[in-house]
Structures are given as C-alpha cells and as structure tokens.
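Computed from a predicted model, the values in this text were never measured in an experiment.
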Amino acid sequence: MTTWVVMIMVLMAGGLLQSQLPGYAVLGQVKFPFLLAIVLYYALNWDVAVMLAAAVLAGLLQDLLSPIPLGYSAFCFCVVGWIANRWRKLVMTESVITPMFFGGLAAMAVTLSLYVFLVRGDFIGSAVGLLILRMIGAGLLGVISTPLIFLAAGRLDRLVGNVEDKESLDDGE
C-alpha cells in the first residue's frame, strides 16, 4: 500500500515541478522531464507492473498539463519504461551514472517519439532543426533531473520502508 502512496506523492510533486519550472529558449523550450525520470526510477528499481502503473499515470499527468493529446505521453513512457526495466538487473541503480545515462537517452527518445506522433497527427508542423535542438535540450535536462528524482524517490521509499537501506544489508554479512 505504501508503494502506491509514495508513487502518487512523487508523481504529484514531479508534475508540479515539471509544469511550473520554465522551458529554456536556448534548449528549444523543453522542460525538465521529471515525470519521465519518475518512470525510469520505477523501471529500474521495481517490477514491470509497478513501472507500468507509474508510466501510465505519469504520461496521463503530462498530457493533462500540456497541449499533447491524451495518451501520447503515456504510450511513450510505457515503451521507454519497459525497455529500461529489461535492463534493471544488469545495471547498478545506486550509481549516479546509471540514472544520468538512462535519463538523457530516454528524454531524447520520448522527445523524438512525441514529435513523430504529433507530426503524423497534423498537430504540429515538421521542423527538423527545432527537433534536434529539443532532443539535445531534453537529453541535457534528463541527465540533470533523473539522478535528483532517483535520490528523492529512493530516500522516500527507504523512509517509509518500501526498500531496505543498502548499508543495513551490508552490515548483516
């Protein structure tokens, strides 16, 4: 039960941060991908069912807070989360490099995917130069925001007892 409460709290905080922090013109007006970072946290630290719940909720929240048609972000988040979840037993999630790598790559992939969906649906015009700028900007902001989300969500999970602290596991040996 506490897993879901923590997830909802983290998603609400991430949605608030993502919607209120400004986009940067030099980065193509992209915003910090906090909701995507939350999906990656659950993809790399929890099983696929919890990750899919986080991806659907985060995607719907992102679509509700932006002019993106409902469901587009949820689909992209589910695909990216599923791919990241396939790697979770092969990477060290405690390392800061892991969330930086996955955050940057996932932000670029989601930006590209959403762009393709929006162009194909005639919601936006195609401007490849702007797409490249937005992908670079999203990647940079993903590299910055994902480790912060991993730190905050991980601490909250440990605080409520959803996961055990790594040091306490080492002391028992």
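Evaluated for a side chain to side chain contact (heavy atoms under 4.5 Å, CB included) with Leu61, the options Leu16, Ile38, Leu35 yield exactly one hit, Leu35.
Within the model, atoms CD of Gln29 and CZ of Arg134 stand 7.5 Å from one another, a figure rounded to the nearest 0.5 Å. Rounding to the nearest 0.5 Å places CE of Met51 at 6.5 Å from SG of Cys78. For the atom pair Leu118 CG and Ile124 CD1, the distance stands at 4.5 Å (nearest 0.5 Å). Atoms CD and SG, from Gln62 and Cys76 in turn, are 9.0 Å apart once rounded to the nearest 0.5 Å. The distance from atom OG1 of Thr146 to atom CG of Leu151, rounded to the nearest 0.5 Å, is 12.5 Å. Here the straight-line distance linking atom CG of Leu57 with atom CH2 of Trp4 works out to 8.0 Å at 0.5 Å rounding.
Lys31 contributes a side-chain N or O that, together with a main-chain N or O of Ser19, makes up a donor-acceptor pair within less than 3.5 Å. At least one donor-acceptor pair under 3.5 Å links the side chain of Asp47 to the backbone N or O of Val50. Here the side chain of Arg88 pairs a donor or acceptor atom with the backbone of Trp46 at under 3.5 angstrom.
Met92 and Phe150 end up in different hydrophobic clusters when Ile, Leu, Val, Met, Phe, Trp and Tyr side chains are linked at under 4.5 Å. In the hydrophobic clustering of ILVMFWY residues, with side-chain heavy atoms under 4.5 Å counting as a link, Ile149 and Met100 come out apart. Follow the hydrophobic side-chain contacts under 4.5 Å out from Leu27 and you never reach Leu133; the two are in separate clusters. In the hydrophobic clustering of this structure, Met7 does not group with Leu64; members are Ile, Leu, Val, Met, Phe, Trp, Tyr whose side-chain heavy atoms approach within less than 4.5 Å, directly or through other members. There is no path of hydrophobic side-chain contacts, each under 4.5 Å, that joins Leu36 to Val56.
Looking at Ser73 and Leu114, their side chains come closer than 4.5 Å, going by heavy atoms from C-beta outward. Taking the side chain as every heavy atom from C-beta outward, Ile8 and Val5 never approach each other to under 4.5 Å. Under the 4.5 Å side-chain criterion, counting only non-hydrogen atoms from C-beta, Phe32 is in contact with Ile144. With contacts defined as side-chain heavy-atom distances shorter than 4.5 Å, the pair Leu40/Pro99 does not qualify. With a 4.5 Å cut-off on side-chain heavy atoms, Val39 and Val80 do not count as touching. With contacts defined as side-chain heavy-atom distances shorter than 4.5 Å, the pair Asn85/Tyr42 does not qualify.
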Next item on the list: May I have the step-by-step check of side-chain contact (heavy atoms from CB on, under 4.5 Å) for Val160 and Val6, ending in yes or no?
Entry: CA-CA 8 Å; Val160 299; Val6 169; 3.6 Å; yes
Check: Taking it one step at a time, do Arg158 and Arg155 satisfy side-chain contact (heavy atoms from CB on, under 4.5 Å)?
Finding: CA-CA 5 Å; Arg158 284 188 297 281; Arg155 279 208 178 139; 3.5 Å; yes
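Nearest heavy atoms, Tyr115 versus Ala127: OH-N, 2.9 Å. Nearest heavy atoms, Gly142 versus Ala107: CA-CB, 4.3 Å. Taking all atoms of both residues into account, the shortest heavy-atom contact from Gly125 to Val119 is O-CG2, 4.0 Å.
Take Asn45 and apply the side chain to side chain donor-acceptor pair (under 3.5 Å) test, not counting sequence neighbours, and it matches Thr93.
For the residue pair Asp157 / Tyr41, a side-chain donor-acceptor distance below 3.5 Å is found, with atom types taken as modelled.
Listed by first then second residue, pairs satisfying ring pair (Phe, Tyr, Trp, His ring centres under 6.0 Å) with a partner in residues 73-113 read Phe75-Phe117, not counting sequence neighbours.
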